[in-house]
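Here, residue 1 is the first one in the sequence, and each next residue gets the next number.
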Amino acid sequence: MIRGIILDAATGKPVSHATIQSSRGLYNTYSDDEGQFSLVVPLHDGNDSILITHIKYASVSLPSRQTDTAHKIIRMNAKVKQLSEVVVSGINALDLIRRAIDSIPLNYATVPYLVHGFYRIITSNGKTIINLSQARFNIYNDNYARQNKQLQVDRVRVVKDETVFNGNDIDFDITPSDLFDYDLVANVHESGLLSKKGQEEYDFSFNGLTQLNGRKVYEITFDQKDGIKKPLYKGRMLLDAQSLAFLQFDVQLSQKGIKYWGLSAIKTLVMRILRMNVKMLSDSVSIVYEQHGGKYYLDHVQDNNALHIYGGRKVFDLNPARSNLNYFVLGIDTGKVAPFSKQEVVRQGKSMAALSPDVNTDSADVFWKDYDSLQVGYRVDSVIRMIREKNSTLNYKVVLGKRLPQYRKDKSAGIDSILSFYYQQHQFSGVALVKYQGKVIYEKGFGMANVEKHIPNTLATQFRIGSMSKQFTAMLIMQLAEQGRIGMQDAVRKYLPEYVNGGVTIAQLLTHQGGIPNYTDNMEYVQQIFSRTYSPDSLVQRFCSDSLDFEPGTAFSYSNSGYVVLADVIEKVTGQKFGDLLARRIFLPAGMKHSVFGSTVPNDTIAIGYINGDPELSYPLENVVGAGGITSCVEDLLAWHDALSTHTLLSPYWMNELFKPRVEWKEWDAWYGYGWMIDKLQFKASKKHNIEYHPGTELGQYAMLARQPDKDIVIILLNNTGEFPRFEITDLLLDLLN
């Protein structure tokens, strides 16, 4: 095994997604996000040399021997360098692009050719791989143009972790059309960037002469024009200065249009039927062309994106799901090639996943033996076996559901059976409390609050409750409304006169109908809120002031930004800090002695969140004021429920206002009130009973609080190992109690 780390020679930072390939082209891998890699070369292959390539760096070649197992440190130099001594002026970027398009017949193949290719898509959540798709394939082309483009598949394999999606049918996969579309030159007249329409929607700038692998090239940058209401891109393209051949495209979604991103019409319809919602957080693509026999061909593609996916018939919340696609051209055949037979051609719209054998029953070792073109720093077959084992847990709910009747008379034992089962299957680690008909019948801790210090989860363990905090923000608003200090239909500008989106009302913010883009879905914003603490005023100004996604009151779109604005309104109305108000108006009168807002000093009662076994990153909790940031424990949350039930904090009229169904959240099969969700179809008990709830998501700490007022039922689940089947467990517990 050959292993090491790849670093940027100038900065020392890791170089991710570099390709490491044996000189014979038989074995490949790529570096991970930390620049680490390992490449397995069978002993019978003897000595070999290793070639390391990256779109943005000059290639590195080094000898390799089977006996050389030392950890290598490889430094790569940036590929493109500005030639400051060369001055080029008077060149119009758009004219240059049009000349390059006219030169395509001279620079690219005009005779039939065959592309031998390989791709792999790895989708992950944190360090956990949740989807793996790879294929060996061949593409037939009449010429550089799109006509008569055919794909024939040699091998394809797709496997996904269905537990992450709670059993919903989701594929992170591509079609032949997607593979074809990566070739921008072959798709020039339909391309959203280079077509006539694209040329009208982008601003192009000529940046001068640069150098790429010793070749003089023109660099052109671009971004979508202001006022274009669609998701377009920004980036750069490199053109050979002599032939005007397109050599490279580096593109990413423009912040001007990312909020308009959406799926195709057909996919959108399917997602609505499945009650799922998808938001694009980021997308970047690099496309490189190389010369073969005097003509240019697509050589390799890297596509990295991050999505927020949530909802579904069986609710899940995945944020983010990161997909990395590596597409390599293994060879170009320009000899006597002919179109594929009709039986060999894969339909352009067909998902590659549909061609994959069932890897849950077939041996992956046999299926891909000596056929994998891209080795990675782990054995793919081990990943597949792990995913297969996790998928088997989807039967847990069915198995447990059959056990429930035997616990009708001893509900406490039934609850313990359910939670202990999930704990044993590594699906739950935290604290649970259940109240039934006015009496706490179950409270217990599972697993470790702090693995490093061997501190177990107990009833006193405090967890961050994430979006469950919205219940408390809504309560503060209602208390001020009851006092006549805030009007529910008041425009926000009444309290924040300088706010750019001041036309949105208090009620619209509470019900996520304000249209303010969710700032935690913006990766650039997330990086900033992780770096330093901001005041509510600064949060609103910096991160909650983007153009509205829709006219307020006309749609529903879950937005943490709206609750941050509400927190700022609360501070302006009262002249007090948000955290102080929570303590004085809610925590103290409700008897919540161990609940706080904001960053806390680590101690033995505070749970550490773990993501895939690693401690989570800390950040200033004040930056999610109003939308999150509260730390609490099960007994305090029970006190919160009791205060709601006894109208300790609010009169009956205003309490009822909190729980009125006001807008449908289709992806979650629920109504949304003021900081609360009212279930429609997620829980079986909702057919006969009113279930009010809200989940909470906070890096490695996930939570659920559900209440059924008619039987004074409350279920509190706090978990510190990331996502857990909280809806599934809650549904089972409600079934048992009813």
Side-chain angles (χ1 to χ4, degrees), residues 19 51 53-60 76-111 113 115 117 141 143-146 180-196 198-199 202-223 233-252 284-302 327-329 331-332 334:
T19 302
L51 180 66
T53 59
H54 192 284
I55 289 172
K56 297 181 181 179
Y57 294 89
S59 300
V60 174
M76 300 188 77
N77 293 298
K79 184 183 288 185
V80 180
K81 298 180 180 179
Q82 192 73 29
L83 299 180
S84 56
E85 71 276 10
V86 179
V87 178
V88 181
S89 59
I91 295 180
N92 180 277
L94 195 53
D95 287 344
L96 197 60
I97 290 171
R98 289 169 177 165
R99 287 167 52 199
I101 292 173
D102 291 340
S103 300
I104 286 177
L106 300 175
N107 292 317
Y108 301 86
T110 55
V111 297
Y113 64 96
V115 172
N141 303 268
N143 50 46
Y144 70 89
R146 182 91 182 230
F180 298 159
D181 287 344
Y182 280 121
D183 191 345
L184 289 183
V185 173
N187 194 32
V188 64
H189 296 299
E190 290 80 30
S191 162
L193 176 64
L194 299 176
S195 65
K196 289 183 179 180
Q199 293 174 30
Y202 283 91
D203 286 321
F204 297 93
S205 299
F206 177 66
N207 277 18
L209 200 61
T210 65
Q211 193 176 69
L212 177 67
N213 290 340
R215 175 191 298 155
K216 292 181 180 179
V217 298
Y218 294 128
E219 182 180 65
I220 295 174
T221 56
F222 54 88
D223 197 352
Y233 290 82
K234 66 177 181 180
R236 68 166 188 171
M237 63 182 79
L238 301 177
L239 281 66
D240 182 87
Q242 182 174 359
S243 66
L244 294 185
F246 292 102
L247 302 179
Q248 185 168 322
F249 297 88
D250 296 320
V251 303
Q252 59 182 304
S284 61
V285 185
S286 291
I287 303 168
V288 175
Y289 293 82
E290 293 287 355
Q291 255 187 333
H292 297 274
K295 296 291 185 179
Y296 288 94
Y297 301 87
L298 180 68
D299 185 75
H300 59 275
V301 177
Q302 285 182 221
Y327 167 6
F328 299 95
V329 172
I332 300 290
T334 57

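Here the side chain of S103 pairs a donor or acceptor atom with the backbone of R99 at under 3.5 angstrom. Checked by atom type and distance alone, the side chain of Q211 never pairs as donor or acceptor with a backbone atom of K216 at under 3.5 Å.
In this structure, the side chain to side chain donor-acceptor pair (under 3.5 Å) partners of S243, at least two apart in sequence or on a different chain, are D240. Q252 pairs by the side chain to side chain donor-acceptor pair (under 3.5 Å) definition with nothing, not counting sequence neighbours. Considering only residues two or more places apart in sequence or on other chains, D183 meets the side chain to side chain donor-acceptor pair (under 3.5 Å) condition with Y289. In terms of the side chain to side chain donor-acceptor pair (under 3.5 Å) criterion, residue partners of Y233 (sequence neighbours excluded) are, by chain and number, D283. The ring-ring contact (aromatic ring centres under 6.0 Å, His included) test applied to H189 returns no partner, not counting sequence neighbours. Residues passing the ring-ring contact (aromatic ring centres under 6.0 Å, His included) test with Y297, sequence neighbours excluded: Y113, H292. Applying the side-chain contact (heavy atoms from CB on, under 4.5 Å) criterion to L106, with sequence neighbours excluded, gives no partner residue. Residues forming a side-chain contact (heavy atoms from CB on, under 4.5 Å) with D95 (at least two apart in sequence, or on another chain): N92, R98.
Interatomic distance, CD1 of I97 versus CZ of F204, reported as 4.0 Å (0.5 Å rounding). One distance of note links CG of N207 with CZ of R236; it measures 9.5 Å at 0.5 Å rounding. Of the inter-residue distances, the one linking I220 atom CD1 with T210 atom OG1 reads 10.5 Å to the nearest 0.5 angstrom. Summarising the geometry, atom CD1 belonging to I287 is positioned 10.5 Å from atom NE2 belonging to H300; distances are rounded to the nearest 0.5 Å. The CD1 atom of I104 sits 11.0 Å away from atom CG of N143, with the distance rounded to the nearest 0.5 Å.
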Step-by-step side-chain contact (heavy atoms from CB on, under 4.5 Å) determination, L244 to Y218: CA-CA 8 Å; L244 294 185; Y218 294 128; 3.9 Å; yes
Starting from the C-alpha separation in whole Å, work towards a yes-or-no answer on side-chain contact (heavy atoms from CB on, under 4.5 Å) for N187 and F180. CA-CA 8 Å; N187 194 32; F180 298 159; over 6 Å; no
Test V251 against F222 for side-chain contact (heavy atoms from CB on, under 4.5 Å), laying out the working first. CA-CA 9 Å; V251 303; F222 54 88; 3.3 Å; yes
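Summarising the geometry of A100 relative to L239, their closest heavy-atom pair is CB-CD2, 3.4 Å, with the distance given to 0.1 Å. Between A93 and S205, the closest heavy-atom pair is CB-C, 3.7 Å.
Between L298 and V115 there is no side-chain heavy-atom pair separated by less than 4.5 Å. Looking at Y182 and V285, their side chains come closer than 4.5 Å, going by heavy atoms from C-beta outward. Counting only heavy atoms from C-beta outward, the side chains of D203 and D223 never approach each other to under 4.5 Å. Taking 4.5 Å as the limit, every side-chain heavy atom of N107 sits out of range of all side-chain heavy atoms of F246. At a threshold of 4.5 Å between non-hydrogen side-chain atoms, the residues L194 and M237 count as touching. Q291 has its side chain within reach of Y296: a pair of non-hydrogen atoms, C-beta onward, lies under 4.5 Å apart. Between R215 and L247, some side-chain heavy-atom pair lies under the 4.5 Å cut-off. Contact check for L212 versus Q248: side-chain heavy atoms found under the 4.5 Å cut-off.
No hydrogens or angles considered: a donor-acceptor pair under 3.5 Å links the side chains of S286 and D250.
Shown are Y327, F249, F328; of these, the side chain to side chain contact (heavy atoms under 4.5 Å, CB included) with V301 is made only by Y327.
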